[in-house]
There are 2 protein chains.
Amino acid sequence: MQNQSTTNGADTINITLTDRLFDALQRAIVEGEIPQGSKISEPELARQHGVSRGSLREAIARLEARKLVERKPNLGARVVTLSYEQLIEIFQLREALEGMAARLAAQNMTEMEIEELQTLLQQHGEQIAEQRGQAYFQKQGDLDFHYRIVQGSKNNQLIALLCNDLYHLLRMYRYQFGMRSKRSQQAYEEHHYLINAITARDAEMAELLMRQHIRSSRRNVEAVFLEQL
Amino acid sequence: MQNQSTTNGADTINITLTDRLFDALQRAIVEGEIPQGSKISEPELARQHGVSRGSLREAIARLEARKLVERKPNLGARVVTLSYEQLIEIFQLREALEGMAARLAAQNMTEMEIEELQTLLQQHGEQIAEQRGQAYFQKQGDLDFHYRIVQGSKNNQLIALLCNDLYHLLRMYRYQFGMRSKRSQQAYEEHHYLINAITARDAEMAELLMRQHIRSSRRNVEAVFLEQL
DNA sequence: TAAACAAAATGTGTCGACACATTTAAAAAT
DNA sequence: ATTTTTAAATGTGTCGACACATTTTGTTTA
């Protein structure tokens with residue numbers, strides 16, 4: 001999930017210049033190094049990275065496909081501006097997609113994958129118990145868990161959509177909105193219910209629980225936002 | 001739904017060369033003019049369309065983002081090869097996404113939009129009754145209906161995903177696999193139930209019915225495929 | 001004849017340059 | 001001083017050219 005090279009399955013590691021550029025720019029945008037809404041000057045960026053405009057342009061085109069930048073003809077490209085409304089829309093998307101992923105995972109994960117998932121969850125539990133490790137858990141642990149379930153669906157369309165397209169946009173929100181949440185304990189419990197449903201191969205229940213889980217997460221975000229106003 | 005110019009919202013109509021190229025290539029691929037799995041030679045295609053390789057390359061990059069072509073570094077681009085497995089995966093995606101769209105549409109469509117949808121459906125009914133108009137109905141009518149519901153969700157992420165990304169890939173399957181179905185009468189009835197749920201603002205039911213509708217459609221495809229073997 | 005190698009041909013990745021559009025700065029007019 | 005017009009500057013869209021990788025062809029060798 002962390003640093004996949006986007007284009008290649010696994011064969012060739014990050015060869016082309018455009019690939020590296022794309023990864024670099026994506027990181028810079030997601031982490032806010034290049035701020036929201038800022039205009040991207042092709043000549044300047046190309047110079048900064050020591051590449052030609054052509055290569056840069058292809059990289060920008062890919063960023064556009066992932067909805068990290070918006071481009072208007074003859075006016076150039078701007079980094080997207082995140083909004084509360086869009087975040088809610090994304091949560092609705094995730095509810096539908098990851099719900100289906102959980103359903104399929106309950107049907108298609110191997111016994112070994114399920115065991116590994118249980119092990120992972122157990123580690124999370126220990127971390128929470130030990131150090132009340134909120135930091136790690138919510139930032140990486142939650143993502144890991146969801147990631148494995150998506151993979152477990154064995155549906156390549158779903159996997160590509162969630163792990164390539166949506167994932168980075170979501171990461172951008174986490175970075176730039178902070179996304180603090182005191183839900184780690186509850187999230188852990190919800191993960192637990194989910195894994196039980198998957199272990200029991202109860203697809204219907206798995207989907208239901210995943211949707212509830214994501215909806216709870218959304219409500220938490222809504223609450224955090226409201227108290228900020 | 002038919003020939004939107006992809007990049008622009010509505011302001012500027014298809015200006016850049018790359019835009020036109022992209023639309024032309026997309027059409028050619030979807031309709032099978034450029035056959036599945038065929039290799040794309042950049043110099044040749046560029047010459048045929050009378051453009052430079054640079055412009056063509058950007059167009060190909062967009063096609064890649066829509067999963068209509070696959071590209072491997074230093075080996076070039078190929079038109080995707082459609083498969084039964086992938087089609088099933090797409091149906092699962094649609095079940096999740098359009099189900100959510102129906103749910104949201106029941107909540108967010110205006111009264112006027114609902115009335116228009118009813119009018120549209122009524123027209124479909126007449127066409128079916130009159131001429132047993134299978135041809136039109138299944139090809140365009142069904143798409144129109146689904147399209148309006150997706151729009152009615154008012155969720156821009158969902159709309160972009162379904163109407164831009166997935167739509168053309170699905171169209172490609174319809175073109176190249178034939179996709180004949182004797183389900184038009186039943187599909188019409190299912191649309192009827194759906195519109196009733198939306199009119200009653202019953203979001204839960206709308207999602208359920210849409211998912212059933214798409215699942216039926218998938219089963220029909222599965223059946224057609226099995227009898228072809 | 002088949003396999004291994006070498007050389008030519010083709011194709012992709014990357015670059016720099018030019019034409020036109022847009023924005024910014026300056027000058028003119030009210 | 002404010003607005004309109006004009007000109008300079010910057011930026012995007014498009015092109016053609018070169019370097020390197022891959023494929024194809026032809027040649028040599030077993």
Side-chain angles (χ1 to χ4, degrees), chain A residues 5-26 28-29 34-35 37-65 67-81, chain B residues 5-26 28-29 34-35 37-65 67-81:
Chain A
S5 54
T6 344
T7 315
N8 358 281
D11 32 313
T12 42
I13 325 166
N14 241 5
I15 300 187
T16 121
L17 229 187
T18 300
D19 284 337
R20 282 200 296 276
L21 242 186
F22 171 70
D23 286 344
L25 290 180
Q26 177 169 254
I29 290 176
I34 305 177
S38 65
K39 185 167 185 321
I40 293 178
S41 166
E42 293 181 3
E44 185 181 335
L45 247 195
R47 190 180 43 73
Q48 284 179 7
H49 290 258
V51 302
S52 82
R53 268 185 60 221
S55 304
L56 176 68
R57 254 161 155 278
E58 289 208 29
I60 292 180
R62 286 199 217 166
L63 292 171
E64 188 185 15
K67 303 195 188 305
L68 293 176
V69 314
E70 286 172 351
R71 191 185 240 172
K72 291 182 180 175
N74 288 318
L75 296 184
R78 309 190 87 89
V79 176
V80 291
T81 300
Chain B
S5 53
T6 346
T7 315
N8 359 281
D11 33 315
T12 42
I13 325 166
N14 241 5
I15 300 186
T16 120
L17 229 186
T18 301
D19 284 337
R20 284 200 296 277
L21 242 186
F22 171 70
D23 286 343
L25 290 180
Q26 176 168 254
I29 290 176
I34 306 177
S38 66
K39 185 168 184 323
I40 293 178
S41 166
E42 293 181 3
E44 185 181 335
L45 247 195
R47 191 182 41 74
Q48 285 178 7
H49 289 259
V51 302
S52 82
R53 268 185 60 220
S55 305
L56 175 68
R57 248 156 161 282
E58 289 208 29
I60 292 181
R62 286 200 218 166
L63 293 171
E64 188 186 15
K67 303 194 188 306
L68 293 176
V69 315
E70 286 172 352
R71 191 185 241 175
K72 292 183 180 175
N74 288 318
L75 296 184
R78 309 191 86 89
V79 176
V80 292
T81 300

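Note that the coordinates shown come from a computational prediction; the quantities given were computed from them, not determined experimentally. First the proteins, then the strands, lettered A, B, ... as listed; each starts at 1.
Under the side-chain contact (heavy atoms from CB on, under 4.5 Å) criterion, B:Ser38 pairs with B:Ile34, B:Pro35, B:Val79, sequence neighbours left out. In this view, A:Glu58 and B:Arg57 satisfy the side-chain hydrogen bond (donor to acceptor under 3.5 Å, both in side chains) rule, not counting sequence neighbours. By the side-chain contact (heavy atoms from CB on, under 4.5 Å) test, A:Leu75 pairs with A:Lys72, sequence neighbours left out. The side-chain hydrogen bond (donor to acceptor under 3.5 Å, both in side chains) check on B:Glu70 picks up nothing, with sequence neighbours excluded.
For the pair A:Leu17 CG and C:dT12 P, the computed distance is 18 Å after rounding to whole Å. Between B:Leu21 atom CG and D:dC15 atom P the separation is 9 Å, expressed in whole Å. Put simply, CD on A:Glu44 is 10 Å from P on D:dT12, counting in whole angstrom units. Between the CZ atom of B:Arg47 and the C1' atom of C:dG11 there is a distance of 14 Å, given to the nearest Å. Atom P of nucleotide D:dT12 and atom CD1 of A:Ile60 are separated by 8 Å, given to the nearest angstrom. In this structure, B:Glu58 atom CD and C:dT14 atom C1' are separated by 14 Å, rounded to whole Å.
Under 4.0 angstrom from either OP1 or OP2 of C:dT22 there lies no side-chain N or O belonging to A:Lys39. Distances shorter than 4.0 Å separate none of the side-chain N or O atoms of A:Thr16 from OP1 or OP2 on C:dT12. Proximity of A:Ser41 to the phosphate of D:dT10: no side-chain N or O atom is located under 4.0 Å from OP1 or OP2.
Within the structure, salt bridge (charged side-chain N to carboxylate O under 4.0 Å, His left out) contacts touching residues 43-54 of chain A (residues at least two apart or in different chains) are A:Glu42-A:Arg53.
A salt bridge does not link B:Arg62 with B:Asp23: none of the charged nitrogens is closer than 4.0 Å to a carboxylate oxygen.
Each of B:Glu42 and A:Gly50 was matched to the nucleotide of DNA chain C holding its nearest heavy atom; the match closer to the 5' end belongs to B:Glu42.
Among the heavy atoms of the strands lying under 4.0 Å from B:Ile40 are primed sugar atoms or P, OP1, OP2 only; no base atom is included.
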Where along nucleotides 16-24 of chain D does protein come under 4.0 Å, by heavy atom, of base (B) or sugar-phosphate alone (S), with - for untouched nucleotides?
-B---SSS-

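Judged purely by atom type and a 3.5 angstrom limit, B:Arg78 uses its side chain to pair as donor or acceptor with the backbone of B:Gly37.
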